[in-house]
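A quick write-up on the structure given underneath.
Computed from a predicted structure; not experimentally measured.
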Amino acid sequence: MNYTQLASKEPLIKRVIFILSALLVFLFFKIGFIGFYGYDDLIYTDIAKQLTNWNLDFSDHFSFRWGLIIPMAICYKIFGFNDFSGVLPVMLYSIGILYLVYKMTKNSHIFVTIIALAFTLFTHWNLAYSIKIMADIPTAFAFVLAIYSYFSKAFNNKSDLAAALTLAIALILGFATKGTIVLIIPVIITFFIIDIINRKNIRFWIYSALLLILFITTYFLIIKTLTGNFFTRFNSISANSYLNRCSYGEQPTIIVLKRILIEFWDMMIYQKMFIPIVITFASTLILKFRNYYSQKEVFITITALILIASSNFMSISFSSYNPMCIDPRHYLFITPFAGIAAASFLHKYSTTKKGIIPFSIITFSLLLLLIIFYNKPIIVFYFKILFTCCILPITYKYAKKLYPAHLIILIIFISSDFISETKYSKYVNYKSQKEISSTFLRNITTPAYIISDDVQKNLNKYYLNYDIPENIKLINTYEFNQETADSNCNIYIIDNEYTKMLSGLSESTLPFYFKLKTQNYKEIINSKKPKIRISKVADKPSQLTQKLIFSSLNTFDYHNNLWSNSSVLDSSVFNSAPYSEKVIEYSTTINISTDSINKYNIYTIKISGLINSTSKSTAGYVLSIEKEGSSIIWKMFEFEPKLKAYGNFIPIKYEHLLNNEELPEQSTVKVYIWNKNHEELFVDDIKVEILGIN
């Protein structure tokens with residue numbers, strides 16, 4: 001069958017392509033599911049499980065994300081509490097997005113439908129989150145449905161009332177799912193103003209406004225009925241808010257400028273979301289829209305550009321300028337529209353051969369920048385796709401029979417992450433992780449503490465269907481207190497490499513009992529793939545006892561003889577009045593003689609303090625153990641991974657485990673801060689503790 005024959009069967013082929021893309025979502029769940037991130041997604045599973053019993057905790061703002069948790073609760077009721085039931089609503093939302101992309105390209109060339117669906121399905125994070133229990137795909141569906149409602153009115157002659165009803169449903173769905181929906185406002189305002197100027201679709205906008213007012217009023221009445229307060233949702237959001245790197249309104253101006261000028265675009269490139277965006281940008285730079293694009297294509301392209309601008313610049317706070325956090329999952333709604341716009345350009349570019357030189361210049365300029373600033377895998381990914389796009393006109397002109405094969409190659413390159421994600425799922429091996437942990441937990445019949453990292457703790461609850469037996473106490477790495485622990489309880493430690501990574505734990509942030517290797521630890525499970533070690537502490541709480549043998553706190557409010565004099569005290573920035581130390585290169589240093597420390601088999605050195613860095617930092621705590629002028633141990637613990645926000649005092653702590661040979665007699669323990677690049681940095685309330693373990 002040649003290309004001309006294929007073109008005659010476009011409607012059927014488009015339907016088949018859509019059905020295949022929908023089936024790929026289910027296939028990806030089957031072969032690419034890696035489980036849970038361990039925080040937000042498991043909160044949703046817990047809330048949805050509660051909802052099956054008509055219980056909701058309205059103090060948790062996630063309980064108001066009804067667009068996700070209500071469908072999840074329904075699926076749990078129908079199919080039982082399991083992985084598939086929880087993920088099914090998100091997969092259906094993802095398929096819904098694909099269907100709307102198919103509908104918006106239904107009357108376009110088959111090339112446009114295929115490439116647009118490929119971008120929408122296979123762009124890395126759209127693919128990853130299509131099987132994640134998170135609110136971002138449902139919110140993206142609300143975006144696409146809302147814009148499709150106007151598209152269907154403007155170009156498909158849908159009735160005013162039906163289109164308005166669709167728009168109102170989409171917006172209330174988005175509002176009831178996640179606040180990100182506010183980023184659609186510039187799109188709606190733009191087309192509203194255009195229609196008012198041109199005196200078009202007036203009845204549609206009136207119906208939309210009335211229906212939206214009705215739905216929002218009903219929504220708040222439901223909240224008032226359930227909670228007694230119209231504004232419980234907003235009060236809950238406020239109560240659950242915390243300082244983090246997305247709190248741009250509370251950080252220095254330079255941080256906000258970096259966010260909108262550099263970091264948003266850097267994220268789009270590094271997270272492999274930039275291909276359809278750069279092609280859309282290129283089309284706007286080199287084409288005369290009215291002579292080149294249909295009205296539908298102009299509408300989609302303008303929509304994509306507005307959404308990109310809104311995502312980068314628009315504030316999501318009324319009290320301060322606070323653009324959306326840099327996290328690719330918040331921007332999944334861009335890809336469907338940028339994908340359609342890019343596909344439309346590539347089709348016309350390849351068949352009419354207009355813009356070949358400027359598009360090639362733009363493409364290879366981007367690749368040059370990638371070579372300068374990015375790593376090899378990113379360069380290879382972009383080169384394969386963009387180079388394939390550049391030579392489309394050559395294939396179309398000189399080898400039309402090869403043109404379908406060329407498109408298949410392009411789709412393979414776009415879909416490369418489908419393969420890499422399935423390979424990664426084999427590495428994570430969620431099925432085995434779940435089997436190991438859940439079997440272990442269900443076999444515990446005596447009173448026990450189960451100590452693990454945060455993510456493993458949350459997973460343990462999920463594996464037990466949130467019906468925690470009374471004999472089991474699930475606690476995270478820093479919740480265990482040996483002094484108040486029940487001596488009749490056994491202690492088990494689950495050490496899971498994968499969940500430690502998800503929890504943001506490194507060797508220097510783990511508590512000492514995760515690092516101990518003693519005969520008093522009885523190994524119960526030691527799995528290599530996945531890497532999980534479960535141990536029982538033979539001596540119960542006594543084995544996890546440390547004795548404090550040294551402690552010193554420097555508040556910089558008075559001179560502490562154990563610390564060297566601070567070179568620069570600052571009275572304008574502090575956590576506890578009246579001073580902090582401004583660290584130019586080296587901070588004040590504590591010198592501890594090992595001769596003053598009692599002898600133990602193992603030592604833990606804990607360093608903690610409040611750190612205020614006004615920008616990305618290369619500074620960190622330094623632990624140096626010296627004897628006779630030479631270093632026995634020198635370690636630096638960097639601040640950057642722990643800095644939740646810039647321009648604010650953030651508590652940062654690390655601890656290091658030593659054996660007695662590493663702390664010899666007549667040596668000195670030194671702790672200080674090294675600010676090697678002389679960034680603006682302040683420290684307050686720095687504390688050093690040494691604890692002994694027999």
With sequence neighbours excluded, tell me which residues meet salt bridge (Lys or Arg N to Asp or Glu O under 4.0 Å) with [X].
X    : result
R442 : none
D46  : none
R329 : D40, D136, D327

What I want to find out is whether [X] reaches [Y] closely enough, with some N-O distance under 4.0 Å, to be called a salt bridge.
X    : Y    : answer
E640 : R245 : yes
E479 : K457 : yes
D495 : K531 : no

Passing option when S503 is tested against D453, N458, D454 for side-chain hydrogen bond (donor to acceptor under 3.5 Å, both in side chains):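 With S503 as partner, side-chain hydrogen bond (donor to acceptor under 3.5 Å, both in side chains) holds for just one option, D453.
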Ring geometry between Y430 and F33 (parallel below 30°, tilted from 30 to 60°, perpendicular above 60°):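 Perpendicular.
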Plane angle bin for Y102 and Y99 - parallel if under 30°, tilted between 30 and 60°, otherwise perpendicular: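 Rings of Y99 and Y102: tilted, 30 to 60°.
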Pair [X], [Y]: side-chain N/O donor-acceptor within cut-off below 3.5 Å:
X    : Y    : answer
Q546 : T604 : yes
S63  : R65  : no
K606 : H656 : no
Y462 : D83  : yes
S94  : S130 : no
Q456 : N460 : yes
T120 : N126 : no

Gap between atom CD1 of I334 and atom CH2 of W125 - 0.5 Å precision: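 If we round to the nearest 0.5 Å, W125:CH2 and I334:CD1 are 15.5 Å apart.
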Spacing of I308 atom CD1 and F274 atom CZ [to the nearest 0.5 Å]: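 With rounding to 0.5 Å, CD1 (I308) is 8.0 Å from CZ (F274).
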K49 NZ/CZ over Y466 ring centroid, <6.0 Å and within 45° of normal: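 The answer is no, since K49 fails at least one limit relative to Y466.
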Side chain to side chain contact (heavy atoms under 4.5 Å, CB included) partner of P530, chosen from N429, T499, N496: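 The option that passes is N429.
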D266 side chain to I262 backbone, donor-acceptor under 3.5 Å: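 No.
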Intermediate values then yes/no, ring-ring contact (aromatic ring centres under 6.0 Å, His included), F413 and F381: CA-CA 8 Å; F413 288 157; F381 173 80; 9.3 Å; no
F141 vs L173 side-chain heavy atoms within contact, under 4.5 Å: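 F141 vs L173: side chains touch.
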ring-ring contact (aromatic ring centres under 6.0 Å, His included) evaluation trace for F64 with F58: CA-CA 7 Å; F64 292 94; F58 290 109; 5.4 Å; yes
ring-ring contact (aromatic ring centres under 6.0 Å, His included) assessment of F26 paired with F29: CA-CA 5 Å; F26 287 102; F29 172 77; 8.3 Å; no
